[in-house]
Amino acid sequence: MYRAFRREGNCLICAAGVAVKKYHLARVPPLANPPKPTLHPATIAAQAAGATDRETAGVVPAVHMATTFARDENYAPLNADNIYLRSHNENVRVAERLLSQLEGAAETLLFPSGMAAIAAVFRTVPNGAKVVVQSQIYWGTTGWIRSFCTRREITLHEVEAADADALAEACRAHKPTLVLIETPSNPWLRITDIEGAARIAHGVGAKLVVDSTAASPALSHPLAHGADIVMHSATKAINGHSDVLAGSLSTAEPDAEIWHMIREDRDTAGAVMGPMEAWLLTRGMRTLPLRMREMSKNALVLAEYLSDHPQVETVLYPGLADHPGHAIAARQMTGGFGGLLSFIVKGGKDAALLAAGRMQLFHRATSLGGVESLVEHRHTLEPHTGIPEGLLRVSVGIEDAQDLIADLGQALGQ
Ligand SMILES: Cc1ncc(COP(=O)(O)O)c(C=O)c1O
């Protein structure tokens with residue numbers, strides 16, 4: 001009988017008798033030098049939580065593109081951790097491990113987009129149940145949840161969750177199974193007290209899910225404040241280079257029923273991230289703390305500049321002392337307030353579009369969290385959601401703050 005390979009020890013010998021590959025026959029051994037949990041986030045990130053390429057001694061993990069993995073002559077997997085790509089990929093594991101450490105989570109699951117991560121959470125809600133979702137959050141989330149809840153006969157209550165009394169009243173009246181908040185919110189920059197929201201949700205037996213995209217794990221740890229699941233559009237700051245679409249869910253309780261459902265659904269329904277994206281995401285995360293520090297610093301300087309500008313009506317940025325959520329943000333965010341800020345230009349839509357059109361450094365583009373600064377006129381994209389016509393949302397990058405100020409100044413007409 002022709003046999004392409006036989007096994008000797010942990011080597012695979014090809015038909016010509018040449019040892020072609022050293023296989024890890026048992027579980028993939030733990031990392032040679034896993035970082036100690038006492039290490040600071042910047043160290044954990046820079047060293048990708050200890051991930052290297054053990055095969056070649058490369059200090060950067062290799063990309064593992066295989067969709068399927070070999071079995072021995074008795075049909076036992078040569079590596080029990082690797083059967084098929086939809087469930088098993090080392091690049092995805094490396095990125096998940098790193099994100100878990102940065103987030104303070106026991107387990108993280110990556111998804112091919114932020115929306116896929118949100119959808120994975122909502123698919124756990126039974127037909128006919130009730131959910132409470134923060135109002136005036138990222139419009140894509142609101143729009144998808146509305147249509148999903150209608151299809152599944154789930155009663156959706158939208159509430160301004162930054163108002164703790166309104167959230168408590170909605171939860172008391174409706175007894176939801178799930179509460180979703182987004183803090184800081186996009187594009188209003190509202191701040192919800194995560195600890196208070198967790199108390200309210202848990203008081204009625206609901207799970208609290210926090211979309212922490214605008215803060216990123218560099219600035220906020222919702223699980224430490226009582227959230228059950230923290231969600232990110234990793235397309236944004238976590239990747240940080242506007243070149244990967246990704247989403248994540250993390251939990252401190254991997255044995256919870258909701259987490260089992262999410263994990264199994266990802267495995268079987270297949271909303272998984274590809275190896276190359278996961279590799280890029282790990283590369284992006286290596287500089288996450290550094291980028292968020294610079295972005296937060298720049299955003300605060302710009303917010304202060306805009307606050308004094310005669311052409312600007314209002315600045316929405318939680319780092320400003322007069323922002324209504326500043327005290328809560330200062331308590332639950334560490335190291336800065338993020339790179340997302342909105343401001344309302346005097347003169348409404350025409351004045352805002354004129355200013356955006358004059359900008360030369362800020363790209364006129366949607367999204368946020370990349371190293372390059374972006375400006376967006378949200379009203380053009382979502383005219384029906386109550387966004388003020390004069391509102392410009394900017395994602396502040398890591399350019400020199402003085403260059404960004406000069407660009408804003410000339411765009412607004414000094
Ligand atoms: C706060 C927030 N949550 C979720 C999403 C959706 O993420 P994705 O575009 O990665 O699907 C976005 C996208 O802009 C967002 O800003």
Side-chain angles (χ1 to χ4, degrees), residues 95 99 103 108-123 133-148 158 161-162 179-192 194 209-220 222 227 229-250 266 271-274 277-278 280-281 284-285 292 295 299 316 318 325 329 333 337-342 363-370 372 374-378 380-382 385 387 391-397:
L99 191 43
E103 192 70 68
T108 292
L109 293 170
L110 287 175
F111 292 83
S113 70
M115 288 313 303
I118 289 174
V121 173
F122 275 78
R123 280 204 295 270
V133 172
Q134 182 170 346
S135 59
Q136 294 193 305
I137 55 172
Y138 169 60
W139 167 241
T141 302
T142 303
W144 181 82
I145 290 174
R146 282 181 189 170
S147 88
F148 176 78
E158 294 182 42
V179 175
L180 171 72
I181 62 170
E182 182 184 286
T183 183
S185 70
N186 170 14
W188 287 93
L189 281 303
R190 294 207 173 110
I191 300 292
T192 298
I194 300 169
V209 181
V210 179
D211 182 338
S212 188
T213 297
S216 92
L219 305 180
S220 180
I229 293 175
V230 56
M231 173 267 154
H232 293 279
S233 165
T235 314
K236 310 299 188 302
I238 289 179
N239 177 61
H241 295 78
S242 306
D243 53 11
V244 172
L245 191 69
S248 70
L249 298 175
S250 302
R266 186 186 73 160
V272 293
M273 172 176 282
E277 277 76 13
L280 280 166
L281 199 60
M285 279 191 278
M292 288 310 285
M295 288 162 70
L316 307 173
M333 297 175 81
F337 298 90
L340 189 65
L341 78 88
S342 295
H363 295 283
R364 286 170 289 282
T366 195
S367 202
L368 57 118
E372 65 288 301
L374 308 177
V375 61
E376 185 168 54
H377 185 246
R378 287 293 314 174
T380 298
L381 302 171
E382 42 171 317
T385 63
I387 296 285
L391 184 142
L392 291 178
R393 189 194 77 185
V394 295
S395 171
V396 183

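For ligands, and for the atoms within them, numbers begin at 1 and follow the listed sequence.
- Side-chain contact check for Arg378 versus Ser342: every heavy-atom pair is 4.5 Å or farther apart.
- The backbone N or O of Thr183 lies less than 3.5 Å from no partner atom in the side chain of Thr192, so there is not a single donor-acceptor pair.
- The option from Phe111, Trp144, Tyr138, Trp139 that lies nearest to atom 6 (C) of ligand 1, judged by heavy atoms, is Tyr138.
- Heavy-atom separations between Ala117 and ligand 1 are all 4.0 Å or longer.
- Taking only nitrogen or oxygen atoms, main chain and side chain alike, Ile118 does not reach within less than 3.5 Å of ligand 1.
- Side-chain atoms of Gln134 come within 3.5 Å of backbone atoms of Glu182 as a donor-acceptor pair (strictly under, hydrogens ignored).
- Distance check, rounded to the nearest 0.5 Å: CD of Glu382 to OG1 of Thr142 gives 8.5 Å.
- When only interatomic distances are considered, the shortest N/O to N/O separation between Glu182 and ligand 1 does not fall below 3.5 Å.
- Of the protein's non-hydrogen atoms, Met115 N, 2.9 Å is the one closest to atom 11 (O) of ligand 1.
- Distances below 4.0 Å separate heavy atoms of Asp211 from the following atoms of ligand 1: 1 (C), 2 (C), 3 (N), 4 (C).
- Between the side chain of Ser395 and the backbone N or O of Leu340 there is no donor-acceptor pair closer than 3.5 Å.
- In this structure, the side chain of Arg266 engages the main chain of Leu110 through a donor-acceptor pair within 3.5 Å.
- Distances below 4.0 Å separate heavy atoms of Asn186 from the following atoms of ligand 1: 16 (O).
- Atom 10 (O) of ligand 1 has Thr235 OG1, 2.6 Å as its closest protein atom, hydrogens excluded (heavy atom only).
- Put simply, the residue from Thr213, Leu109, Leu99 that forms a side-chain contact (heavy atoms from CB on, under 4.5 Å) with Ser248 is Leu99.
- Scanning all protein heavy atoms for the shortest distance to atom 13 (C) of ligand 1 gives Lys236 NZ, 2.8 Å.
- Counting the atoms of ligand 1 from 1 in the order shown, those under 4.0 Å from a heavy atom of Ala246 are 10 (O).
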